[in-house]
Asks: 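First, the structure itself, so that you have it in front of you.
In each ligand, atom 1 is the first atom listed, and ligand 1 is the first ligand listed. Note that the coordinates shown come from a computational prediction; the quantities given were computed from them, not determined experimentally.
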Amino acid sequence: MAVFSMELGRIELGSSWKVQSHTYCPLQDARSRKKMLSVKFAGQWKGGELQRCNNLQVVIPEKRSVLNDARLPSFKPLSCTSNGRYALSEVKKDELSTWDHETLILKKKAEEIIPHLKGKCIYLVGMMGSGKTTVGKILSEVLGYYFFDSDQLVEEASGGASVAQIFKERNEQGFRDSESEVLKQLSTMYRLVIATGGGAVVRPQNWNYMRQGITVWLDVPLEALAARVVAVGTESRPLLGQASDDCYSQALTRLTKLYEDRAEAYKSSDVKVSLRDIAVELGNKDVARLSPTVIAIEALMEMSKIMTYRKLMNAARS
Ligand SMILES: Nc1ncnc2c1ncn2[C@@H]1O[C@H](COP(=O)(O)OP(=O)(O)O)[C@@H](O)[C@H]1O
Ligand SMILES: O=C(O)C1=C[C@@H](OP(=O)(O)O)[C@@H](O)[C@H](O)C1
């Protein structure tokens with residue numbers, strides 16, 4: 001998904017789009033007489049799947065900032081075809097989709113927090129499948145940070161072997177050694193969002209590295225985790241074991257045991273983002289239906305709170 005804003009003669013696209021060239025021209029729909037805008041992209045959506053284009057939303061501000069003007073006209077796609085031509089129809093502000101609203105709030109919260117972060121890295125921790133990678137990518141994009149997945153860095157450091165292969169060839173200990181080395185190297189850097197592996201929290205030494213930044217725990221109910229990891233397949237996550245006939249129950253049992261061993265460690269994080277709490281705040285919404293954007297917003301808000309609190313405490317001490 002991408003929101004891109006446009007000033008006269010200029011289009012800015014989220015970094016998910018790769019664009020070689022673009023043109024646009026205002027026109028009028030002959031039947032509805034609605035104001036239309038045709039945007040043609042010579043580039044491609046990096047995600048590759050064409051149906052994702054259905055989620056394409058365009059917000060076209062009259063003024064510079066999308067966030068500061070409630071009267072902005074906005075446009076949503078009428079059609080989407082494989083040649084990259086999108087017809088857009090004007091929609092009123094109050095017709096903005098949930099997706100528009102979430103994205104605007106996300107941007108606003110990110111703008112507010114960026115100066116206070118001072119480039120500090122964000123370490124996402126949490127059980128496997130908690131959404132560290134998914135939410136991490138959203139946060140990195142909106143904050144203008146780089147995204148790193150520590151599992152991927154471990155794999156690269158092992159010459160391209162998968163996590164599952166590393167566990168097989170070098171045991172969990174070997175994997176954890178590489179993971180610690182990766183975290184050590186990342187701890188010297190700035191402006192990164194890092195999706196850590198679910199077990200990174202078990203080694204105290206890793207906390208020394210992660211404490212250089214802000215640690216954010218994505219706390220997801222175990223049932224939701226089990227459903228997610230089963231949906232993508234458990235092969236890439238060796239601690240879940242070989243798939244059995246009842247994958248969901250097996251995953252739930254293993255996740256429960258891992259969680260019991262790690263709960264205290266996760267609780268050491270600077271910030272907790274509880275999906276259960278968000279769901280309650282939203283009127284007992286189903287946890288499984290919370291979008292990654294909503295979770296990213298909550299993460300930014302919780303980070304903001306802790307930074308304000310710490311600033312006040314430091315001021316009180318000096
Ligand atoms: N908020 C969410 N709602 C539904 N599915 C999600 C959500 N966040 C992540 N997922 C899905 O769960 C799976 C695991 O997410 P991922 O980000 O890889 O977790 P982690 O990096 O913590 O292991 C992926 O298939 C992802 O698409
Ligand atoms: O919980 C764990 O111990 C692990 C989680 C995995 O990462 P994700 O949390 O990204 O799945 C990966 O590091 C490895 O399979 C071990």
Asks: In terms of side-chain geometry, is the basic nitrogen of Lys257 or Glu260 positioned less than 4.0 Å from the acidic oxygen of its partner?
Replies: no

Asks: I'd like to know if the side chain of Arg262 and the backbone of Gly198 have a donor-acceptor N/O pair within less than 3.5 Å.
Replies: yes

Asks: Is the closest N or O pair between Ile295 and ligand 1 shorter than 3.5 Å?
Replies: no

Asks: Atom 1 (N) of ligand 1: which protein heavy atom is closest, and how many Å away?
Replies: Leu290 O, 2.9 Å

Asks: Identify the protein heavy atom lying closest to atom 8 (P) of ligand 2, giving its residue, its atom name and the separation to 0.1 Å.
Replies: Asp151 OD2, 3.6 Å

Asks: Which is it for Ala195 and ligand 1 at heavy atoms under 4.0 Å: side chain, backbone, both or neither?
Replies: neither

Asks: For the pair Arg176 and Glu172, evaluate salt bridge (charged side-chain N to carboxylate O under 4.0 Å, His left out) and give the outcome as yes or no after the intermediate values.
Replies: CA-CA 6 Å; Arg176 298 279 170 225; Glu172 182 171 350; 3.0 Å; yes

Asks: More than 12 foreign heavy atoms under 6.0 Å from OH of Tyr146: is that the case here?
Replies: no

Asks: Report yes if some N/O of Val135 lies less than 3.5 Å from some N/O of ligand 1; otherwise report no.
Replies: no

Asks: So is Gly129 in contact with ligand 1, going by heavy-atom distances below 4.0 Å?
Replies: yes

Asks: Who gets closest to atom 15 (O) of ligand 2 by heavy atom: Ala200, Gly197, Ser130, Pro238?
Replies: Pro238

Asks: Do Thr293 and Ile138 pass the side chain to side chain contact (heavy atoms under 4.5 Å, CB included) test, and can you show the C-alpha distance, the side-chain angles, and the key distance before you say yes or no?
Replies: CA-CA 7 Å; Thr293 305; Ile138 294 174; 4.1 Å; yes

Asks: Among all protein heavy atoms, pick the one closest to atom 18 (O) of ligand 1 and tell me residue, atom and distance.
Replies: Arg237 NH2, 3.7 Å

Asks: Report the member of Arg237, Glu179, Gln152, Arg176 with the shortest heavy-atom distance to atom 16 (C) of ligand 2.
Replies: Arg176

Asks: Could you check whether the rings of Phe167 and Phe175 sit parallel, tilted or perpendicular, using 30° and 60° as the cut-offs?
Replies: tilted

Asks: Salt bridge check, Lys108 against Glu111: does any charged N sit closer than 4.0 Å to a carboxylate O?
Replies: no

Asks: Which residue and non-hydrogen atom of the protein lie closest to atom 5 (C) of ligand 2, and at what distance in Å?
Replies: Gly198 N, 3.3 Å

Asks: Report the nearest protein non-hydrogen atom to atom 9 (C) of ligand 1: residue, atom name, distance rounded to 0.1 Å.
Replies: Thr134 OG1, 3.4 Å

Asks: So, the side chain of Arg228 versus the backbone of Ser130: is there a donor-acceptor pair under 3.5 Å, distance only?
Replies: yes

Asks: Hey, is Lys132 touching ligand 1 through its side chain, its backbone, both or neither, going by heavy atoms under 4.0 Å?
Replies: both

Asks: Hey, is Leu239 touching ligand 2 through its side chain, its backbone, both or neither, going by heavy atoms under 4.0 Å?
Replies: side chain

Asks: For atom 14 (C) of ligand 2, what's the nearest protein heavy-atom neighbour? Residue, atom name and distance, please.
Replies: Val163 CG1, 3.8 Å

Asks: Nearest protein heavy atom to atom 21 (O) of ligand 1, by residue and atom, and its distance?
Replies: Thr133 OG1, 2.6 Å

Asks: Below 4.0 angstrom from a heavy atom of Phe175, which ligand 2 atoms are there? Numbered from 1 as shown, please.
Replies: 13 (O)

Asks: Hey, does the side chain of Glu179 reach the backbone of Val154 with a donor-acceptor pair shorter than 3.5 angstrom?
Replies: no

Asks: Checking a contact table here: which protein heavy atom is nearest atom 1 (O) of ligand 2, and how many Å away?
Replies: Arg262 NH1, 2.7 Å

Asks: Could you tell me whether Met128 and ligand 1 have an N or O pair separated by under 3.5 Å?
Replies: no

Asks: Would Leu143 and Arg191 satisfy side chain to side chain contact (heavy atoms under 4.5 Å, CB included), going step by step from the backbone distance to the final call?
Replies: CA-CA 9 Å; Leu143 293 170; Arg191 296 171 64 82; over 6 Å; no

Asks: For Asn206, does its backbone N or O pair with a side-chain atom of Ser180 as donor and acceptor, under 3.5 Å?
Replies: no

Asks: Provide, to 0.1 Å, the distance between atom 9 (O) of ligand 2 and the closest protein heavy atom, together with that atom's residue and name.
Replies: Lys132 NZ, 2.7 Å

Asks: Quick one: look at Val232 and ligand 1, take heavy-atom pairs under 4.0 Å, and tell me if it's side chain, backbone, both or neither.
Replies: side chain

Asks: Provide the full list of salt bridge (Lys or Arg N to Asp or Glu O under 4.0 Å) pairs with a residue in residues 197-226, sequence neighbours left out, each pair given once.
Replies: Asp177-Arg203, Arg211-Asp270, Asp219-Lys272

Asks: Report the nearest protein non-hydrogen atom to atom 12 (O) of ligand 1: residue, atom name, distance rounded to 0.1 Å.
Replies: Arg228 CD, 3.2 Å

Asks: Is a donor from one side chain sitting under 3.5 angstrom from an acceptor on the other, for Glu181 and Gln185?
Replies: yes

Asks: Hey, mind stepping through Leu117 and Met307 against side chain to side chain contact (heavy atoms under 4.5 Å, CB included) and telling me if it holds?
Replies: CA-CA 8 Å; Leu117 276 173; Met307 284 193 296; 4.0 Å; yes

Asks: Is there a heavy atom of Glu172 sitting under 4.0 angstrom from any atom of ligand 2?
Replies: no

Asks: Could you tell me the residue and atom name of the protein heavy atom closest to atom 19 (O) of ligand 1, and the distance to it rounded to 0.1 Å?
Replies: Gly131 N, 3.1 Å

